[in-house]
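Structure first, then comments.
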Amino acid sequence: MEIKDKVVWITGASSGIGEALAYAFANEKAKVIISSNQSKELEAVKLKCQSFNTEVTAVCFDLIEQESIKQAVEEVLAQYGKVDILINNGGISQRSLIRETPLEIDRKLMEINYFSGVYLTKLLLPSMIKQKQGHILATSSIVGKFGFPLRSAYSASKHAIQGFYETLRFEEKENNINVTIIIPGRVKTNISINAVTKDGKTYGKMDDGQNDGITPEKSAQIIIKAIKKNKREVLVGSNELLMVHFKRFIPALFYRLASKINKT
Ligand SMILES: NC(=O)c1ccc[n+]([C@@H]2O[C@H](COP(=O)([O-])OP(=O)(O)OC[C@H]3O[C@@H](n4cnc5c(N)ncnc54)[C@H](OP(=O)(O)O)[C@@H]3O)[C@@H](O)[C@H]2O)c1
C-alpha cells in the first residue's frame with residue numbers, strides 16, 4: 001500500500017508508540033492528523049512532524065468524552081473530506097487487583113481503550129465505505145491474548161478490541177476496508193507511569209519490564225511495514241511475545257510460566 005498523500009489519523013500521538021508513528025508517517029509524506037488530550041505535548045509533536053515537510057493537523061480531545069470525539073470527526077472530515085488510515089492507539093494501563101478496584105475504574109479503562117475507538121470507527125466507516133477504501137488499526141496488547149495480574153480491566157479492554165476489530169475485518173472486507181490489530185509486548189514508553197491505580201491516581205513508575213522494551217521508533221517501523229503488507233495482526237516487541245505463541249501452541253507451558261508472575 002502506498003502511504004504518500006494518504007490521510008492518516010493517529011490517536012494517542014502525544015507520546016510513545018503514537019508519537020513515533022506520527023514521525024514515521026510524516027517521513028512517508030502522509031497527511032498526518034495527530035490527537036491526544038494534552039495540547040502542549042501535541043503541539044510539540046506537530047512541530048517535529050512539520051520538519052518532514054508534510055501536512056500535519058493536531059486535534060486535541062479526550063477519548064473518554066463521546067461528544068468531543070464526534071466534534072473531532074466533524075472537524076477532520078470538514079478539513080480533509082476523508083480519512084484513509086485510522087489508528088485507534090490512545091490508551092491507558094492499570095495497576096490494581098480486581099478485589100480492590102472500584103467499578104468506575106473498570107469503566108474508565110473500557111471507555112478510553114475500547115469505546116473511543118469503536119465510536120471513531122463507526123463515525124468514519126461510512127465515508128470509508130463510500131470511497132471503497134480504508135484501513136483501520138487498533139492497538140491491542142499481548143494481554144489482549146491472555147489475562148495478567150493487576151491489569152484486569154486493561155486486559156479486558158484489549159480482549160474486547162480483538163473481538164471488535166476481527167469482526168470488522170470480516171464484515172467490511174467486501175467494501176475494501178482493511179483491518180490490522182497491533183499487539184505490542186513491551187515498548188519503552190510512559191504507559192506504566194501513566195497507568196491508573198485502584199484510587200484513580202497514576203502509578204507513576206517505570207516498570208523494569210517496560211524499561212527493557214523495544215523503542216517506540218522500532219515499534220513504528222514494524223507497524224508501518226505491517227500496514228504496507230496489510231497484515232491482519234502484528235506482534236510488536238521482543239522475547240515477551242513468546243508468551244502469545246506458548247498460550248496458543250503449548251498452553252501447559254504458558255500456564256506454568258504465567259503462574260510465576262509477581263502479583264505485587
Ligand atoms: N508500551 C507498551 O509496552 C504497550 C504494550 C501493549 C499495548 N500498548 C498500547 O499502546 C498504546 C499506546 O501506548 P504507549 O505505550 O505509547 O503509552 P503512552 O506513551 O502513555 O501513550 C498513550 C497515549 O494515549 C493518550 N491518551 C491516554 N488517555 C487519553 C485520553 N483520555 N484522551 C486522549 N488521549 C489519551 C496519551 O495522550 P495524553 O496523555 O496527552 O492525553 C498518549 O498520547 C496504548 O493503547 C497501550 O495500551 C503499549
Side-chain angles (χ1 to χ4, degrees), residues 9-24 33-46 58-69 71-72 87-95 105 107-120 137-146 148 151 153-162 165 181-196 200 202-220 222-223 233-241 243-244:
W9 189 356
I10 308 159
T11 68
S14 64
S15 76
I17 298 171
E19 178 184 1
L21 276 172
Y23 304 142
I33 303 156
I34 50 172
S35 290
S36 85
N37 197 25
Q38 299 190 59
S39 55
K40 209 169 130 221
E41 283 78 358
L42 206 56
E43 280 306 312
V45 176
K46 181 179 167 181
V59 184
C60 191
F61 64 98
D62 192 340
L63 289 171
I64 210 164
E65 283 179 19
Q66 203 174 317
E67 192 48 42
S68 311
I69 295 175
Q71 274 173 21
I87 308 185
N88 287 316
N89 167 75
I92 55 166
S93 190
Q94 172 195 15
R95 293 294 181 275
I105 302 283
R107 288 195 194 281
K108 181 177 176 173
L109 279 138
M110 288 303 291
E111 286 291 347
I112 295 175
N113 293 354
Y114 173 67
F115 282 113
S116 66
V118 168
Y119 195 36
L120 276 165
L137 295 95
T139 310
S140 175
S141 163
I142 53 171
V143 302
K145 296 282 190 183
F146 49 79
F148 200 90
R151 291 158 181 75
Y154 181 68
S155 174
S157 69
K158 298 301 187 180
H159 275 76
I161 282 177
Q162 294 284 148
Y165 292 91
I181 303 176
I182 303 165
I183 306 172
R186 283 171 174 163
V187 183
K188 191 175 175 182
T189 69
N190 290 333
I191 193 82
S192 74
I193 294 172
N194 294 332
V196 68
T202 46
Y203 178 62
K205 284 185 243 166
M206 172 68 91
D207 280 346
D208 290 345
Q210 210 72 59
N211 206 26
D212 292 339
I214 65 165
T215 63
E217 293 73 28
K218 174 80 185 155
S219 74
I222 296 168
I223 294 164
E233 286 192 345
V234 54
L235 287 163
V236 180
S238 183
N239 291 342
E240 70 283 2
L241 301 177
M243 289 297 266
V244 175

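Remember, it's 1-based here, ligands and their atoms both numbered in the order they're listed. Computed over heavy atoms, backbone and side chain alike; hydrogens, waters and symmetry mates excluded.
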Any idea which protein heavy atom is nearest atom 5 (C) of ligand 1, and the distance to it? Gly185 O, 3.1 Å
Ligand 1-proximal atoms of Tyr154, by part, heavy-atom distance under 4.0 Å: side chain
Gap separating the CD1 atom of Ile161 from the OG1 atom of Thr139, nearest 0.5 angstrom: 7.5 Å
Who's the nearest protein heavy-atom neighbour of atom 22 (C) of ligand 1, and how far? Gly91 O, 3.6 Å
Just to confirm my output: which protein heavy-atom neighbour is closest to atom 11 (C) of ligand 1, and how far is it? Asn89 O, 3.1 Å
For the residue pair Val236 and Ile182, establish whether any side-chain heavy-atom pair is separated by less than 4.5 Å. yes
Nearest heavy-atom contact between Tyr165 and Val118 is OH-N, 3.8 Å
Just to be sure I read this right, does ligand 1 sit under 4.0 Å from the backbone of Glu41, its side chain, both, or neither, counting only heavy atoms? neither
Could you tell me which atoms of ligand 1, counted from 1 in the order shown, lie closer than 4.0 angstrom to a heavy atom of Thr139? 9 (C), 10 (O), 11 (C)
Run down the list Ser14, Ser157, Ser15, Gly16 and name the one with the heavy atom closest to atom 18 (P) of ligand 1. Ser15
For the pair Arg151 and Asp207, find out whether any cationic side-chain nitrogen is under 4.0 Å from an anionic carboxylate oxygen. yes
Taking only heavy atoms of Ile92 into account, list the atoms of ligand 1 that are under 4.0 Å away from them. 27 (C), 28 (N)
Hey, what do you get for CD (Gln210) to CG (Asn190), rounding to the nearest 0.5 Å? 9.5 Å
Would you mind telling me which of Thr202, Ile112, Leu109 makes a side chain to side chain contact (heavy atoms under 4.5 Å, CB included) with Val196? Leu109
State, to 0.1 Å, how close Ser192 and Lys205 come at their nearest heavy-atom pair, and which atoms those are. OG-O, 2.7 Å
Atoms of ligand 1 under 4.0 Å from any heavy atom of Gln210, numbered from 1 in the order shown, are 1 (N), 2 (C), 3 (O)
Just distances here: any N/O of Leu63 and N/O of ligand 1 closer than 3.5 Å? yes
Please check if any side-chain donor atom of Gln162 sits under 3.5 Å from a side-chain acceptor atom of Ser140, or the reverse. yes
Numbering as shown, the atoms of ligand 1 that approach Arg186 to under 4.0 Å (heavy-atom distance): 3 (O)
How far is atom 17 (O) of ligand 1 from its nearest protein heavy atom, and which residue and atom is that? Thr189 OG1, 3.4 Å
Please report the closest heavy-atom contact between Ser238 and Ile214, naming both atoms and the distance. CB-CG2, 4.2 Å
Are any of the N/O atoms on Ile112, whether in the backbone or the side chain, positioned under 3.5 angstrom from an N/O atom of ligand 1? no
Atoms of ligand 1 less than 4.0 Å from Phe61 heavy atoms? 32 (N), 33 (C)
May I ask you to identify, for Asn194, whether its side chain, its backbone, both or neither come under 4.0 Å of ligand 1 on a heavy-atom basis? side chain
Do Lys108 and Ile64 have side chains that get closer than 4.5 Å, going by heavy atoms? yes
To check your reading of the model: name the closest protein heavy atom to atom 25 (C) of ligand 1, its residue, and the distance in Å. Gly12 CA, 3.7 Å
For ligand 1, which atoms have a heavy atom of Asp62 less than 4.0 angstrom away? 30 (C), 31 (N), 32 (N)
Within a distance under 4.0 Å of any heavy atom of Ser141, pick out the atoms of ligand 1 and give their elements. 6 (C), 7 (C)
Do the side chains of Trp9 and Ile34 get nearer than 4.5 Å, heavy atoms only? no
Side chain, backbone, both or neither: the part of Lys188 lying under 4.0 Å from ligand 1 by heavy atom: neither
May I ask you to list the atoms of ligand 1 that are less than 4.0 angstrom from any heavy atom of Asn37? 32 (N), 33 (C), 34 (N), 38 (P), 40 (O), 41 (O)
Between Phe61 and Ser35, what is the shortest heavy-atom contact and its length? CE2-OG, 3.3 Å
Which heavy atom of the protein is the closest neighbour of atom 13 (O) of ligand 1, given with residue, atom name and distance? Ile191 CD1, 3.8 Å
Of all the heavy atoms in Ser192, does at least one lie under 4.0 Å from an atom in ligand 1? no
Where's the contact between Ala13 and ligand 1, heavy-atom distance under 4.0 Å: side chain, backbone, both or neither? backbone
Is any NZ, NE, NH1 or NH2 atom of the basic residue among Lys188 and Glu217 found under 4.0 Å from an Asp or Glu carboxylate oxygen of the other? no
Do Pro216 and Glu19 come close enough that some side-chain heavy atom pair is under 4.5 Å? no
Just to confirm my output: which protein heavy-atom neighbour is closest to atom 48 (C) of ligand 1, and how far is it? Ile17 CD1, 3.9 Å
Any nitrogen or oxygen of Gly18, side chain or backbone, less than 3.5 Å from one on ligand 1? no
If we only consider heavy atoms of Glu19, is any one of them less than 4.0 Å away from an atom in ligand 1? no
Could you report the tightest heavy-atom contact between Ser157 and Asn113, atom names first, then the distance? OG-ND2, 3.2 Å
Looking only at distance, does Gln38 have an N or O less than 3.5 Å from an N or O of ligand 1? yes
Using every non-hydrogen atom in the two residues, find where Ala153 and Met110 come nearest and quote the distance to one decimal. O-SD, 4.4 Å
At under 4.0 Å between heavy atoms, is it the side chain or the backbone of Ser140 that contacts ligand 1, or both, or neither? backbone
